Peer 1: 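For reference, the structure I am asking about is given below.
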Amino acid sequence: MAYLALYRKYRSQTFDEILGQEHISSTLTNAIREDKVAHAYLFTGPRGTGKTSTARILAKALNCEKGPTPEPCGVCNSCVAIANGSSLDVIELDAASHSGVEDTREILQGVALAPAGGRKKVYVIDEVHMLTTPSFNALLKTLEEPPEHVIFILATTEAHKVLHTIQSRTQRFDFRPIPSEVIAKHLADVAAKESLEVDPDALDIVARYAEGGMRDALSTLDQLSSFGRRVTAGDVEHLLGGRKEDAFAELFEALARGDLGNIFWSVHSTVAQGADVRQVARGALGHARSLLLLRTAPGAEQLIESSPADRATMAAQAEHFTPSQLLRIVDLLAKALTDMRDAPNHRLLLEVALIRSASPDTDPAPTGLLGRIERLERRIGIEGPPPQAEATPAPVTRAPRPAPVAAPTPAPPPQNERPSNVPAEVGFGHIKDAWPQTLREVSKASKRVHALLNPSRPLTYDDGALVAEVQSDFHAEEMAGDRNRTMLIDALHASLGIKPQISFVAVGSKQAPPVPEDEDSSVVDISDTTPAEADHDPIELLKKGLGAEVVESHGDKR
Ligand SMILES: [Zn+2]
């Protein structure tokens, strides 16, 4: 028997099986029960959220030999024919491939004919926004006076492209992205039925990567099924070309630093991996929203759909922004997404929004001015959030891509300048000096582990045992896990040739030995270096930051 793709094999067959769209299933179920089914529906929503499955189930419900019933039997001739796509009464059209007016007209000519065997003739037009205007008009004419025995189900991922005149003649249902935990649970069910061994972590990643679309999630599971062994989170990350969470964490690190070069690189590498620019923009908008939520509503973390580790990473990152900065980023990205509906150059729109996000100087809007004022306030010390690096924007043409660790402080020697046979007698000072480089090594292996270590510093090194300080008990616990700890040990081996035992303590923990003031420079984070004396002078700052001029000075006795 030919191999059947998982998403076909496990396509929902009843309203109960449609996941994440209960608001739609219950409305349709009631309509069938009360004999109030409309003549035309518009199903909108992202791909893979159940639009065509729901259309087929509705068709089955209306034509089931034991119906009409919200619970079609699934075994009568009509149900079987609709399920396998051979029913003469269910006409499915993909407007993406039949956009010519002749095709549509030809198909619509059949509307007047009575159903072949069932009660209703159901026309399902997928991606209806792709119809040409003449085709739309042909459809519109039919919708104006539909015969009693006909039902239209129009599906689209882009509702705003469907003519208003069509929308107004249909009952609209908005399909939502399916929550990732719902997808993960379904994947686990399917994996069990298929006897696939997949780690729960791996399924979580697949589910989040699918961004609410079940079809994509099941397609990924299909690919993983060919591994022929137990599938791990690492396998999934490898297959999907790096985690999106990491890509966005990296992008926002660059935004926090105002590092324009890395912003361009971030966009470039995500797009080069085949991501759709609008998806990237939506993802960045989602990330900004999560940071805003973490920054402004402590205790509301549960509203963020991600793993506890990713939430901790984001919480640390959120501290590098002020709430109004994040609001501005949300505004700019949302506007870019709206503009993308009408403008062809999506990538340029995204890049412009990100550049404006990163450097208020380039944003002519009042919020840009506010951003500049905030930046000045932070430097004078009026407001309290952690300082944000004011690194000079990097040249855009730089290659290869630098590691995302923000180190405006003097860079350590590149790895290849260090002899490969490093002396075994390495002291605490060496470890401290090589810490930024070690973190860059970690970053190459995993952005997440790198984020767990940002900021961090070595505290003591004694008899081959290293104690490292990280920002919270959570981070210490995460880093103590075998996989993460080994990654740091490997990085130390790469940077210094040592493989010490490592333990972790949280900042301020009683276990942490006191560190002399002058050793603070070993902390690697994305803070600014101490501003020079002149940078504290409000007048100088206003001149530099806002281009202000002194027009009158009261201290002047001239
Ligand atoms: Zn039936």
Side-chain angles (χ1 to χ4, degrees), residues 1-45 48-94 107-108 110-126 128 142-143 146-155 170-173 175 178 182 186 189-190 192-194 214-215 218:
M1 199 174 119
Y3 181 73
L4 193 57
L6 290 178
Y7 88 86
R8 285 187 198 281
K9 191 168 170 184
Y10 292 94
R11 190 191 266 280
S12 317
Q13 298 297 340
T14 65
F15 284 119
D16 282 346
E17 287 175 18
I18 297 278
L19 297 172
Q21 317 296 351
E22 288 74 14
H23 59 300
I24 293 170
S25 300
S26 67
T27 309
L28 286 175
T29 298
N30 286 337
I32 295 163
R33 236 179 237 136
E34 293 166 17
D35 194 19
K36 287 182 179 162
V37 175
H39 280 293
Y41 290 96
L42 180 62
F43 288 180
T44 76
T49 49
K51 297 188 294 295
T52 26
S53 295
T54 303
R56 283 191 188 181
I57 295 167
L58 178 58
K60 278 202 291 188
L62 296 172
N63 282 336
C64 176
E65 288 169 12
K66 301 194 177 121
T69 168
E71 285 141 19
C73 72
V75 292
C76 70
N77 288 337
S78 170
C79 284
V80 170
I82 293 172
N84 67 26
S86 66
S87 169
L88 297 175
D89 291 330
V90 178
I91 300 100
E92 289 193 39
L93 261 113
D94 183 356
I107 289 158
L108 291 178
V111 162
L113 304 172
R119 293 176 199 91
K120 299 279 184 188
K121 236 175 162 165
V122 182
Y123 286 82
V124 182
I125 307 184
D126 202 7
V128 68
T142 315
L143 284 180
E148 196 52 37
H149 60 265
V150 168
I151 288 179
F152 280 97
I153 302 173
L154 313 177
T170 59
Q171 189 175 342
R172 174 170 164 167
F173 285 118
F175 285 66
I178 305 167
V182 174
H186 186 62
D189 290 345
V190 171
K193 284 179 190 151
E194 294 287 314
M214 190 65 85
R215 195 187 318 162
L218 285 170

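In this text the structure is predicted, and so the values were computed from the model without any measurement. Atoms within each ligand, like the ligands themselves, are counted from 1 in listed order.
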Peer 1: With sequence neighbours excluded, what pairs up with Ser25 under the side chain to side chain contact (heavy atoms under 4.5 Å, CB included) test?
Peer 2: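 For Ser25, the residues satisfying side chain to side chain contact (heavy atoms under 4.5 Å, CB included) (neighbours in sequence not counted) are Phe15, Ile18.
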
Peer 1: What are the protein N/O/S atoms, named by residue and atom, that sit under 2.8 Å from the Zn ion (ligand 1)?
Peer 2: Cys64 SG, Cys73 SG, Cys76 SG, Cys79 SG

Peer 1: Let me check something: any side-chain donor-acceptor pairs from residues 63-72 under 3.5 Å, sequence neighbours excluded? List them with distances.
Peer 2:
{"unit_1": "Asn63", "atom_1": "OD1", "unit_2": "Arg119", "atom_2": "N", "d": "2.8"}
{"unit_1": "Asn63", "atom_1": "OD1", "unit_2": "Lys120", "atom_2": "N", "d": "2.8"}
{"unit_1": "Asn63", "atom_1": "ND2", "unit_2": "Lys120", "atom_2": "O", "d": "2.9"}
{"unit_1": "Thr69", "atom_1": "OG1", "unit_2": "Glu71", "atom_2": "N", "d": "2.9"}

Peer 1: Output every pair passing salt bridge (Lys or Arg N to Asp or Glu O under 4.0 Å) with a member in residues 22-37, not counting sequence neighbours, ordered by first then second residue.
Peer 2: Glu34-Lys36

Peer 1: Quiz question: by atom type and distance under 3.5 Å, do the side chains of Ser87 and Asp89 form a donor-acceptor pair?
Peer 2: no

Peer 1: Donor-acceptor pair, Glu17 side chain versus Gln13 backbone, under 3.5 Å?
Peer 2: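 Yes, the answer is positive, given that a donor and an acceptor are paired below the 3.5 Å cut-off.
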
Peer 1: Look at the rings of Phe43 and Phe175 and say which category their plane angle falls in: under 30° parallel, 30 to 60° tilted, over 60° perpendicular.
Peer 2: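 Tilted.
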
